[in-house]
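Reading through the structure tokens given below for one structure.
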Amino acid sequence: MRKNIVAGNWKMNTTLQEGVALAEEVNAAVKAAEHNCDVVICVPFTHLATISEKICKDSLGLGAENCADHKSGAYTGEVSAAMVASTGAGYVILGHSERRQYYGETSETLREKVALAFENNLTPIFCIGEVLEERENGTYFDVVKKQIVDALFHLSAEDFGKIILAYEPVWAIGTGKTATADQAEDMHAFIRGVIAEKYGKEVADNTSILYGGSCKPSNAKELFAKPDVDGGLIGGAALKCADFMGIVEAFN
Ligand code: PGA
């Protein structure tokens with residue numbers, strides 16, 4: 001059966017020293033806490049190697065927030081999936097809306113990134129979600145379906161089964177405006193149906209679909225109680241250990 005997962009997305013926050021301190025704090029808290037989910041932190045590239053040595057990866061997974069769409073070579077400033085994997089990280093966030101919006105990521109580049117993640121045994125946390133206008137004009141199901149179909153439906157069932165999906169309505173990211181638990185469930189159930197149509201019910205039932213967008217300790221329990229919401233991708237609230245743990249402990 002699918003896993004419950006709470007993953008932090010630190011974005012472009014913390015210096016190396018601050019990040020290491022936060023990771024150590026979270027690592028200790030996760031070990032001590034009662035929870036019934038996998039916990040992952042996705043951190044800036046510069047922090048990966050150091051944090052990898054400081055945490056116990058059996059209890060706290062480590063991931064990058066992105067990787068390059070090329071294997072290696074003359075791509076100044078890029079960081080490859082192989083480089084990420086060589087730090088000991090096991091996950092990579094791909095297709096975050098901020099990457100799509102500010103750095104022009106398309107389904108085409110994301111297909112390359114997913115392939116390179118797999119080649120390097122990284123588990124993609126693959127983000128999808130509509131913008132406010134698409135929510136308001138009622139096209140949000142179509143938009144999210146297209147994001148999944150275009151970037152992922154060329155995969156074999158076996159490879160698709162390695163992906164963690166994160167539904168993040170863009171209008172809820174960093175805005176304090178959370179999708180209601182019912183809005184999240186509607187979309188998650190829809191996504192699971194789209195997967196079932198293509199890969200069958202078993203693959204769909206085994207896919208973890210996380211919710212992201214202003215998830216916090218006060219709303220996590222209600223969101224995670226929904227049958228198709230398998231956890232969260234947490235931005236702002238992942239930067240304070242107590243807040244992040246409040247969300248982790250929503251699964252207990
Ligand atoms: P937020 O970000 O929790 O700060 O809304 C979530 C994300 O973008 O992954």
Side-chain angles (χ1 to χ4, degrees), residues 4-14 18-19 22-23 26 37-45 47-48 60-67 84 89 91-105 110 113-114 117 122-132 134-135 140 143-144 147-148 151 163-181 183-184 187-188 191 208-224 226 229-251:
N4 294 327
I5 301 163
V6 173
N9 172 14
W10 289 7
K11 308 193 179 184
M12 197 173 74
N13 292 296
T14 71
E18 290 161 351
L22 177 58
V26 170
C37 60
D38 286 2
V39 187
V40 178
I41 50 173
C42 297
V43 308
F45 291 131
H47 301 19
L48 283 169
L60 179 61
L62 179 64
E65 301 171 13
N66 181 31
C67 72
V84 169
Y91 298 82
V92 60
I93 296 174
L94 293 177
H96 191 278
S97 62
E98 287 148 18
R99 302 289 323 166
R100 294 176 190 260
Q101 212 177 331
Y102 308 142
Y103 301 96
E105 290 199 357
L110 290 168
K113 293 186 182 203
V114 168
L122 296 172
T123 298
I125 301 175
F126 191 89
C127 303
I128 48 192
E130 80 283 359
V131 299
L132 183 60
E134 294 157 345
R135 171 60 54 173
Y140 49 99
V143 167
V144 168
Q147 289 173 338
I148 297 172
I163 298 228
I164 298 166
L165 286 177
Y167 168 59
E168 300 204 304
V170 179
W171 47 271
I173 294 178
T175 57
K177 200 173 166 188
T178 323
T180 64
Q183 285 173 322
M187 180 58 87
H188 285 225
I191 292 168
S208 296
I209 309 175
L210 315 185
Y211 168 80
S214 300
C215 187
K216 35 188 188 269
S218 58
N219 58 28
K221 229 185 171 81
E222 193 189 348
L223 284 160
F224 298 170
K226 293 292 178 187
V229 178
D230 308 311
L233 182 57
I234 317 300
L239 294 170
K240 284 212 179 93
C241 183
D243 289 348
F244 188 58
M245 290 312 296
I247 297 170
V248 168
E249 285 168 352
F251 278 121

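First listed ligand is number 1; within each ligand, the first listed atom is number 1. Numbers here simply count residues along the sequence, with the first being 1.
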task = For G174, take its heavy atoms, then give the atoms of ligand 1 lying under 4.0 Å from any of them.
result = 1 (P), 4 (O), 5 (O)

query = Would you say ligand 1 has an N or O under 3.5 Å from any N or O of E168?
reply = yes

query = Taking the side chain from R100 and the backbone from G95, do they hold a donor-acceptor pair closer than 3.5 Å?
reply = yes

inquiry  = Can you report which non-hydrogen protein atom sits closest to atom 3 (O) of ligand 1, along with the distance?
reply    = G235 N, 2.9 Å

ask   = Is there a donor-acceptor pair under 3.5 Å between the side chain of Q183 and the backbone N or O of T180?
value = yes

task = Compare all side-chain heavy atoms of K226 with those of Y211 and state whether any distance is below 4.5 angstrom.
result = no

query = Which residue and non-hydrogen atom of the protein lie closest to atom 4 (O) of ligand 1, and at what distance in Å?
reply = G236 N, 2.8 Å

key: Element-labelled atoms of ligand 1 that are located less than 4.0 Å from some non-hydrogen atom of G213   = 5 (O)

Per-residue contact class, I173 against ligand 1 - non-hydrogen pairs under 4.0 Å = both

remark   = Taking only non-hydrogen atoms of A172 and a 4.0 Å limit, the atoms of ligand 1 in range are 5 (O)

request  = Consider only side-chain N and O atoms of E134 and W171, and report whether a donor and an acceptor are under 3.5 Å apart.
outcome  = no

note = If we number the atoms of ligand 1 from 1 as shown, the ones under 4.0 Å from a heavy atom of L233 are 6 (C), 9 (O)

task = Could you list the atoms of ligand 1 found under 4.0 angstrom from a heavy atom of H96?
result = 7 (C), 8 (O), 9 (O)

ask   = For ligand 1, is any non-hydrogen atom under 4.0 Å from C127's backbone (N, CA, C, O), its side chain (CB onward), both, or neither?
value = neither

query = Do K11 and E98 meet the salt-bridge criterion of a basic N to acidic O distance under 4.0 Å?
reply = yes

query = Is it true that a side-chain atom of S214 and a backbone atom of A172 form a donor plus acceptor pair closer than 3.5 Å?
reply = yes

message = Under a 4.0 Å threshold between the charged nitrogen and the carboxylate oxygen, would E105 count as salt-bridged to K113?
response = yes

